[in-house]
Amino acid sequence: MSATVMQALDTTIANVALPYMQGSLGASQDQINWVLTSYIVAAAVLTSPIGWISDRIGRKKLFIICVAGFTFASLLCGIAQSIEQMVLFRLLQGSFGAALVPLSQTVMLDIYPPEQRGTAMSIWGIGVMLGPIMGPILGGWLTDNYSWHWVFLVNLPVGIVTLAGLVMFMTDAPPLAKLRFDWLGFLALSIGIGSLQLMLDRGEQLDWFQSNEVIAEAIVSAAGFYVFFAHTFTTQNPFVDFAMSATATMRARSPSCSWSA
């Protein structure tokens, strides 16, 4: 839960500090917006392969790597001296943070028996909602009373405690060393999601389809999704198995399952 709150907090905590960062780092309005965009795009793109990576190297190992990387990237963001460094470190922070929410949900489902999973997901949902709500409040208070650097440095104690808890208490299942990876499907989906996220994030600033950049991002996103779906429905080992998802949905909706309960 601490990992979930930490990642969700960072999606909004930097928003209120942007004007202070802009003056301190000597950035333009367009440049400072990349502090948010880089984080969101990295998290959106790298969320998709989390399931495969956790099965391949082990859930506990991946969780520890991502928490340690997110905490270290937060330290780097707090001590950044230029806008280029800040955007790079935020990109790194978003890359490591992409795994925290899906892994935390998976772990919560694993450690609770089926009859208590509804309660567990309610608790988990509180953490997911608490982070974005508290982000602007905490970010504004830290910026006013200390400096914008502390909107990132505040992650350090939380990250250290989270890391210690994972090392001491979390159990792990054996990894699947021979698990294959569909690189074409992943790259096509990453291009589609990344370009779409850029279009949505930049569109408001650039007057949407009046901008050639937004039009180009829309075209690249559509091409990426086209390649992804075309490849997924024609390969034997797709990155996302829609047939498996459809089977699970049909079983969940079947009348026999409902009446047997």
Side-chain angles (χ1 to χ4, degrees), residues 1-44 46-47 63 66-105 108 121-166 197 200-202 204-205:
M1 284 303 303
S2 59
T4 300
V5 173
M6 184 170 61
Q7 194 276 345
L9 189 72
D10 269 65
T11 59
T12 57
I13 194 172
N15 296 24
V16 294
L18 286 183
Y20 300 90
M21 291 185 206
Q22 184 177 354
S24 176
L25 300 175
S28 65
Q29 182 63 47
D30 185 66
Q31 288 175 323
I32 203 65
N33 286 329
W34 282 100
V35 174
L36 303 179
T37 302
S38 58
Y39 179 88
I40 295 171
V41 171
L46 291 176
T47 297
F63 215 156
C66 288
V67 170
F70 187 88
T71 306
F72 182 65
S74 299
L75 173 62
L76 294 178
C77 289
I79 61 176
Q81 299 297 313
S82 67
I83 185 61
E84 292 80 11
Q85 290 181 3
M86 175 60 74
V87 172
L88 176 62
F89 297 152
R90 282 286 282 177
L91 191 69
L92 189 66
Q93 192 184 36
S95 300
F96 283 111
L100 299 185
V101 171
L103 281 179
S104 67
Q105 186 178 28
M108 291 281 281
M121 286 300 97
S122 299
I123 298 171
W124 182 82
I126 293 173
V128 172
M129 292 192 308
L130 184 64
I133 293 172
M134 290 297 297
I137 301 172
L138 181 60
W141 184 82
L142 289 171
T143 303
D144 284 341
N145 291 277
Y146 298 97
S147 71
W148 64 263
H149 302 274
W150 283 97
V151 302
F152 303 110
L153 297 179
V154 71
N155 289 328
L156 298 186
V158 180
I160 292 171
V161 171
T162 302
L163 190 63
L166 291 175
Q197 186 63 57
L200 296 174
D201 197 63
R202 301 273 294 164
E204 185 178 0
Q205 306 166 29

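Start at 1 with the first residue, then count along the sequence. When reading the values below, keep in mind they use all heavy atoms of this one structure, side chains included, and skip hydrogens, waters and symmetry mates. Everything numeric here is computed off the predicted structure, so don't read it as measured data.
Under the 4.5 Å side-chain criterion, counting only non-hydrogen atoms from C-beta, L100 is in contact with F63. L153 has its side chain within reach of L156: a pair of non-hydrogen atoms, C-beta onward, lies under 4.5 Å apart. Residues I40 and Q197 form a side-chain contact, since some pair of their non-hydrogen atoms from C-beta on lies under 4.5 Å apart. Within the 4.5 Å cutoff, side-chain heavy atoms of V87 are placed close to those of I83. By the 4.5 Å heavy-atom criterion applied to side chains, T71 and V158 are not counted as neighbours.
Here L75 contributes atom CG and N155 contributes atom CG; the two are 10.5 Å apart, rounded to the nearest 0.5 Å. Annotation: the span from L76 atom CG to F152 atom CZ amounts to 11.0 Å, rounded to 0.5 Å. Interatomic distance, SG of C66 versus CG of L163, reported as 11.5 Å (0.5 Å rounding). Taking CE from M86 and OG from S38, the interatomic distance works out to 9.5 Å, rounded to the nearest 0.5 Å. In this structure, M6 CE and M1 CE are separated by 12.5 Å, a value rounded to the nearest 0.5 Å. Rounding to the nearest 0.5 angstrom, the gap separating the OG1 atom in T4 from the CG atom in L9 is 12.0 Å.
The closest donor-acceptor contact from the side chain of Q85 to the backbone of Q81 lies under 3.5 Å. Within the 3.5 Å criterion, the main-chain N or O of V5 finds no donor-acceptor partner in the side chain of Q7. A donor-acceptor contact shorter than 3.5 Å links the side chain of R90 to the backbone of V35.
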Query - Verdict with reasoning, Y39 to L91, per side-chain contact (heavy atoms from CB on, under 4.5 Å) - result: CA-CA 5 Å; Y39 179 88; L91 191 69; over 6 Å; no

Requested in this report: Run the numbers on L25 and E84 for side-chain contact (heavy atoms from CB on, under 4.5 Å), then give the verdict.
Outcome: CA-CA 9 Å; L25 300 175; E84 292 80 11; over 6 Å; no

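Contact record, F96 with F70: CB-N, 3.6 Å, taken as the closest heavy-atom pair. Across all non-hydrogen atoms, the minimal contact from V67 to G159 is CG1-O, 3.7 Å. Between W148 and A80 the shortest heavy-atom distance is CH2-O, 4.0 Å. Residues Q93 and C77 approach most closely at OE1-SG, 4.1 Å, considering heavy atoms.
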Donor-acceptor pairs under 3.5 Å, side chain of residues 126-144 to any protein atom, not counting sequence neighbours: which ones?
from	atom 1	to	atom 2	distance (Å)
T143	OG1	G139	O	2.7
D144	OD1	Y20	OH	3.4

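By the neighbour-count criterion of 12 heavy atoms within 6.0 Å, atom CH2 of W150 is sparsely surrounded, having that number or fewer from other residues, nucleotides or ligands.
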